Every structure is written in structure tokens, then in C-alpha cells.
Amino acid sequence: MTRLRDRAADLSMGARMAFTGGRDGWLRAVLTAVGVGVGVAMLLLAAAVPGALDARQARGDARDDLRMGEKIPAAANTVLIRQTDTEFRGQPVRGRVLRPEGPAAPAPPGVAALPRAGEVLVSPALRDLLGSADGALFAPRLGGATVTGVIADEGLAGPRELAYYLGSDTLAADDATRLDAFGGGLPGEAFDPVLVVLVVVIFVVLLLPIAVFLGAAVRFGGERRDRRLAALRLVGADAAMVRRIAAGEAAAGALLGVAAGGVLFALGRQVVPLVTLMDLSVYAADVRPPLPLVAAVALAVPALAVVVTLVSMRAVLVEPLGVTRRATPVRRRLVWRLLLPAAGLGLLLAGAAGVAPLGGERQTAAGAVLLLAGVVTLLPWLTDLLVRRLRGGPVAWQLAVRRLQLDSAASARLVNGIAVAVAGTIGLQMLFAGVAGRFTFDTGQDTSRAQVQVQFFPRSDTAAGLDRLADAPGVTASHATLTTQVTAASGGYGTLRIGDCAALAEFARLDRCADGDVFLVRDSEGQPAGIGPGATVAVAGVDGVTWQVPRTTREAPVRADPSGYQQAGLLVTPGAVDAARLGPLGADAYLRLAADQPDAVEHVRNAAAGVDPYASVLTLTENRQASQFVNVQRGLYVGAVVTLLLIGASMLVGVLEQLRERRRLLAMLVAVGTRRSTLSWSVLWQSAVPVVIGLALAVVFGLALGAVLLRMVQTPVTVAWPALGISTGLGAAVVLLVTGLSLPVLWRLTRPDGIRTE
């Protein structure tokens, strides 16, 4: 019992030492708390991401209005709804038109009362947009409706979502979906196994650098701690007591860091709703890490601090004469440092060969962690090996090299996080580039012929609507046709398309064309059946209206339209038919836009909405990617940006702590005539050399990780050189930025009062 009390007393003394020692002691504690706190906040944020995405998905499911299967009859508790989704400058806008059919009509989540005709409820983000200078560019799509309220949080996927509910008294049942309740949509699409591998590796790549940095942060102030421990040896403390005191001090600093991390996380949550990354925004309440994970972080970080401290003290000899002398320098051994990456590589290769005793996802995660951990274990050895051979050069270079030769591990620890992040990002980018083809689909759309397709449903003023489209600002050319459906006496049906020769040439290869000509276009299946020269066809939807196909009608080979579809039917020039007697006509318009007017497509959407709020406006693109793949890629980009920024902030704390440790030495160098610019270059070289070595190592491990992952998903190994360059460039930029931000502190520390000691 006495021994236990003594050990507890040692730990307690270490804890007190973490917060005593005057200004330097508190400054050391604050730096450690900030460094550890940033890491803890990142861990909590990462733990909260799945829950935040689930919350978004739950709100989206609750407002689902898609219905498949048997239709329900109109009743007092039903509502008609129709989608009017659009975009505004690349941002998706969720739009719905509502018409209640009775007093008990259900309201979607976030809506207290359904809007009446001429009224619209908007999301707070859309309300802000309408009140801004850009509001005039979007307002025409609301048809002049008056904004009477906002959609509450529970009705939106995120705080920055653009959405509206527009009231209507003309929405017809034939054109809308009838609901008696919102929510309960179809289950989501299952994840592709390749995407599962991507998600697993993304979590590893984003979380491992955080763990690496935590290991470095808990060693802040190590040199001063060793000197204090030497003083304790002088008053009778033995080696075991010193280790316990050091463990208590590390644990206390880590606990302060955990508290700081909790505060940083709580503050960061309040900023989250203000940020939109890749069209993704969440509410502060969504960012809630599960309590078991919070408890695990709160326990693991102090435990990590104690373990790291005890391991680091194995290389330190604390003597009772007031000095701390490093044990005899031992050359770092390579063999054990290769074991971790070799084990990781083995696990991944075994998984690629179909041998997964740990389970596919766990084995992939374990393999990636061990392989990337090789960067952490090899970087100090490689840095020590290379800097040991450096000689000569300018004074700044010599100062930097000498410092690295004395203690290369400290600099390597700061670079470890960036190196791991870069290595993981390179591997992931290779995997993304390799499998992108599986999730990228050729749309067949030809953007050289048109950039936008507008479709109007049958209406009486379609021709005037097409003129409004052609006159929209930024439209340089318009090829439009009026359309209707016709049926033959045999039951065959087809499309009758009216337009000038240029517009008709978008659907068929016409050898010659003049007003009054008619062409019959057949697709690969021989449609339309029963429709040919001399046949009489009936106009669908208009009783008693028929039209005889001229006997001079010529057949023309079909041509894919700009949207990529081959459309069979009758192509008729205006002189061959009286369009006015065919009843309401629909329309297809293919528009070319001026490249120097980026808002041209917004004007087209406004013009289309002015004609028909339900008009379809499609921006043509030559290929599209699967939404799940895009979401995973978007998550990687968001996570990588956040990770690099936070690691950069953490590195800045580490560099400042190192400068503070050497404050007197730097001030003395300036006092004896060393120029501050020389010291600045020295600090830069001290950061740059490990960075170059770390990034070179990261490239090697990143390529290895990418190659193995591609093999796991049975995809040919290719190197994504642009991604490799961007990843390494971003990592280097973060380190150089951190070094630049540390220079003002360096200049302040080298003032004459920096020599003062007590």
C-alpha cells in the first residue's frame, strides 16, 4: 500500500510540474494543450462525420416525395407535388410545387403550413441569395411568388441548401405525384465493393496523420523536462521515480490537451454551418461523435502520452549533477523499421490474392495502416543517414545541418504527419484514377453542337416560348423543333417533328432539304411501324385531328441528336403542315451559349421557367460519374483539405515550441553578430531538408500503396502523375507556409532580452 501511495505521489508531482515553473511552465503547458487539443478535435470531428452524414440522409428520407407503384385517390388528406429542381451557378436547387387537395393535406418536414398559390417558402440560404445582388438572376424561376416564410432545419439536408416550396392552384393530377404522407422512400443503393475499399483507405489516410502528430505533440518541451528531472535526481529521486514523474507530467499535459480539444471541437461545431465544401453543409447539431468514441479518445490520448514519454526516456540518461546527457548515440537500426511496412504490404497483397483471414475491410485497413506507418518509422532513419553526410555550404546551411545532425528526430517528427498524409493521398489518387473508368459513363452528348437542351411539354404557346429562349442573353444559336405524337391505323406510333432544315438536320442526315419537304427517319428497330408515305396518322391527344404523310416523303438515315439519342419519326418542314391545327405542341430546343457569358445558362433557365415552370433544362456534358463515386471523391477532398489545414496549424505550434526551446541560443547568436536573415534561412533549411526527404519517402510509399490497392480491385496499375505532383506540392506548400509564419516569432525571440535568464 505504501509503495502504491509513493507511486501515486510521484505521478501527482509530475502533474503539478506540468503547470508550475512560472511563465515558461505555463507557456509549455499551453503549447502542449494546443498541439494535443488540435489533434483531439480532429479525432472528434472524424468520429462525428458518419453521424453527420446519417443525419443529412435521415432528413432527406423524411421529406422523400417519390412514389412507385399503385396510385392513391384524391382525398382530404392528399397533396399534389411536382419537382422543379434546378441549378444556380453550379449549385443544386431543390424545388417543389405543391397543391393541397383538402384541409388535412400533409406538409413536408420543416413546413408549418403549405404555401398558397402565389406564395413560396424558401430555405434560409435561398432567402439570403434572393436578398443579395444575385437574387435578381434567380427570382424569375419563382414566377413572381411572394416569399412568406422559411423552411425549418428539419426540412433541409443542410444549412446552406438552396430549396423552395411553391404554392399552386393549377397543378393537375396528371402531371404530379399524389401523396398522403412524406418520407418512406426507396432504400438507398448498395455500395460497390470498390467504393468500400476507397472509404476504408480514406479513413486510414485521414486519421493516421492525426495520430502521428499526437505522438509528436505530447513530446513538446522534452528537453526542458529532462533538465528538471535531473534536478530531482540531485535531491534523491531514483530513475524509477523520475520515469513516474515524467509520466505524470505527460499525462497531465495530455489531459489538458483533451480538455482543449473538447473546447476547440465545441467552437468548431458552431462554425460548421457557415462552411460549404463541395455542396456539402451540415448543422452544428449533426456533428456529434458517439459517446463510446469520445471516451476512447479521452482515455487513449493520455495513455499515448505516457507510452511515448517512457519510450523517449529510454534514450536519455538523467544524472544527479544537474545536467541531462544523452546516452551514447546509437545508430538507428533499419531492420525493425522495415517490419511494419513489410507486414502491411503482405496483408494487402494477401487481400489482393483473395486471402483475407481478418475480413476484407479490416485487413485492408490494417494493411494500409501498417504500410503508411512505415513512413513514420523510416523517416528518422533516412533523415539521420542523409544529413550525417552533409558538409560545407553557407553559414545558414551549416547551422541547419548541424542542428539536424544533433537531433534529426525532432524535425522528422514534425514532418511525419505531412509525409503520411501525402503518401496516403497519392495512393488514393492512384486508386481513384484507376477505377474512375468504372464509374464514369459516356453520355453520348455532343457539346460541340449544343450546350443546353430545353424541352417543353405540349402547350398552346410553345412557338412563342422558343422565341423567348432564342432571345435569352448569351444564346448564340438555337435549333428548335415542335413535336407531337402520331399514331398509324395499324397501331404504330411515332414522333412528328416540325422545324426548319437546320433544326431537322440535328436528327437525321439530310442530303438536301427545302421548305415543304418531309422525311421519314427509322431507328435501328425499324420504327415507326405503319407510318410511311401516303399513310394517314392521327395526332395523339387531339380527337379527330389527322394528317396524311405526303407521298413525296423521303427516308433519311437517323443521326444521334446533341443529347445522344436516336429519335425515329417524321421530320416535317413548316411548309408541309399547318402546325396550328395539330393542337398543343411540345418542343425540343438545342442551344449554343456564348463562352464568355458564364451566366448564359441561368438566363436560359429563367426564360424556360417564364414559359413553363416545369420545362426541362439539361446542361449537356460528354460524360458523367456515378453519384456514389462522386460523393466518396468529394468526401476525400473535403477530408484532405481539413486534415492538411489542421496539420499545418499543429506543425506551426510544434515549430514555435522548438524555437522557444532554443530562444537563448538564438538570441546569443544574434548578440555576437549573426544576422537575423541567416537564422531565418537556417530555420527554413531545417524544415526544408526533412520535408524533401519525407516527401520523397511519401512518393515511394504512396506509389506502393496505390499499386497494391489497384491490384486488390483488379485494375491495371497506372501512375496518376498530376495527382502525384499536386499531392506533394500541397504538402510542401503547407510546410513552407508554416515556416514563413514562424519567422516573426523567431525575430521576436532573438531580441537582446532573449538572453536573460533567472
Side-chain angles (χ1 to χ4, degrees), residues 56-88 92-127 129-130 135 138-159 161-186 456-461 541 584 605-606 608-617:
R56 276 179 58 89
Q57 184 64 40
R59 287 193 295 272
D61 292 342
R63 67 182 184 184
D64 180 81
D65 50 28
L66 296 176
R67 289 293 182 274
M68 305 290 287
E70 186 177 354
K71 295 183 178 179
I72 60 176
N77 65 340
T78 58
V79 61
L80 298 178
I81 187 168
R82 185 166 180 178
Q83 296 183 20
T84 52
D85 292 345
T86 181
E87 291 184 18
F88 183 74
V93 181
R94 185 178 189 270
R96 296 290 187 274
V97 176
L98 299 169
R99 182 184 180 187
E101 294 185 300
V111 174
L114 293 174
R116 293 176 295 185
E119 296 180 347
V120 63
L121 303 177
V122 299
S123 65
L126 185 54
R127 178 195 57 191
L129 172 64
L130 292 172
F138 183 83
R141 271 168 256 183
L142 299 181
T146 303
V147 177
T148 57
V150 296
I151 306 170
D153 295 352
E154 58 268 29
L156 299 171
E161 184 183 27
L162 301 176
Y164 66 86
Y165 288 109
L166 180 65
S168 170
D169 57 3
T170 59
L171 184 60
D174 294 340
D175 302 325
T177 301
R178 176 173 288 123
L179 301 176
D180 57 4
F182 286 85
L186 298 175
F456 288 129
F457 295 97
R459 53 188 299 123
S460 58
D461 59 347
R605 290 189 177 111
N606 290 342
V611 178
D612 182 357
Y614 311 115
S616 168
V617 180

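We count residues from 1, following the sequence as given. Side-chain atoms are counted along with the backbone in the values below, which use heavy atoms only and exclude waters and symmetry mates. A quick note: this is a predicted structure, and the numbers were derived from the prediction, not measured.
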*Under the side-chain contact (heavy atoms from CB on, under 4.5 Å) criterion, do Val97 and Tyr614 qualify, and how do the steps go?*
CA-CA 9 Å; Val97 176; Tyr614 311 115; 3.5 Å; yes
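Under the 4.5 Å side-chain criterion, counting only non-hydrogen atoms from C-beta, Leu130 is in contact with Val147. Contact of the Glu101 side chain with the Leu80 side chain is registered, since non-hydrogen atoms from C-beta on lie closer than 4.5 Å. Phe457 has its side chain out of reach of Asp175: every pair of non-hydrogen atoms, C-beta onward, lies at least 4.5 Å apart. Side-chain contact between Phe456 and Asp461 is absent, with no heavy atoms from C-beta onward closer than 4.5 Å.
Across all their heavy atoms, Pro140 and Ala609 have their closest contact at O-CB, 4.5 Å. Taking each heavy atom of Ala75 and Thr78 in turn, the nearest pair found is O-OG1, 2.9 Å. Across all non-hydrogen atoms, the minimal contact from Ser460 to Pro584 is N-CB, 4.4 Å.
No donor-acceptor pair closer than 3.5 Å links the side chain of Arg82 to the backbone N or O of Ala176. Side-chain N or O atoms of Arg178 include one that pairs as donor or acceptor with a backbone N or O of Ile72 at under 3.5 Å.
In this structure, CD on Glu87 lies 9.5 Å from CG on Asp85, to the nearest 0.5 angstrom. In this structure, CD1 in Ile81 is found 4.5 Å from CG in Leu98, a value given to the nearest 0.5 Å. Atom CZ of Phe138 and atom OG1 of Thr86 lie 6.0 Å apart (nearest 0.5 Å). One distance of note links CG of Leu179 with CG of Asn77; it measures 11.0 Å at 0.5 Å rounding. Taken from CZ in Phe88 to CG in Leu129, the straight-line distance is 5.0 Å, to the nearest 0.5 Å. How far CG of Leu156 is from CZ of Arg56: 10.0 Å, rounded to the nearest 0.5 Å.
Arg96 forms no cation-pi arrangement with Phe182, by the criterion of a distance under 6.0 Å to the ring centre and an angle within 45° of the ring axis.
Contacts of Asn606 classified as side chain to side chain donor-acceptor pair (under 3.5 Å), with partners at least two apart in sequence or in another chain: Arg141.
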With a 3.5 Å cut-off and sequence neighbours excluded, list the donor-acceptor pairs that the side chains of residues 103-124 form with protein atoms.
residue : atom : partner : partner atom : Å
Arg116  : NE   : Glu119  : OE2          : 3.4
Arg116  : NH2  : Glu119  : OE2          : 3.1
Glu119  : OE1  : Arg116  : N            : 3.0
Ser123  : OG   : Leu126  : N            : 3.2
Ser123  : OG   : Glu161  : O            : 2.7
Ser123  : OG   : Ala163  : N            : 3.2

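Between Asp65 and Arg94 there is a salt bridge, with a side-chain nitrogen of the basic residue lying less than 4.0 Å from a carboxylate oxygen of the acidic one.
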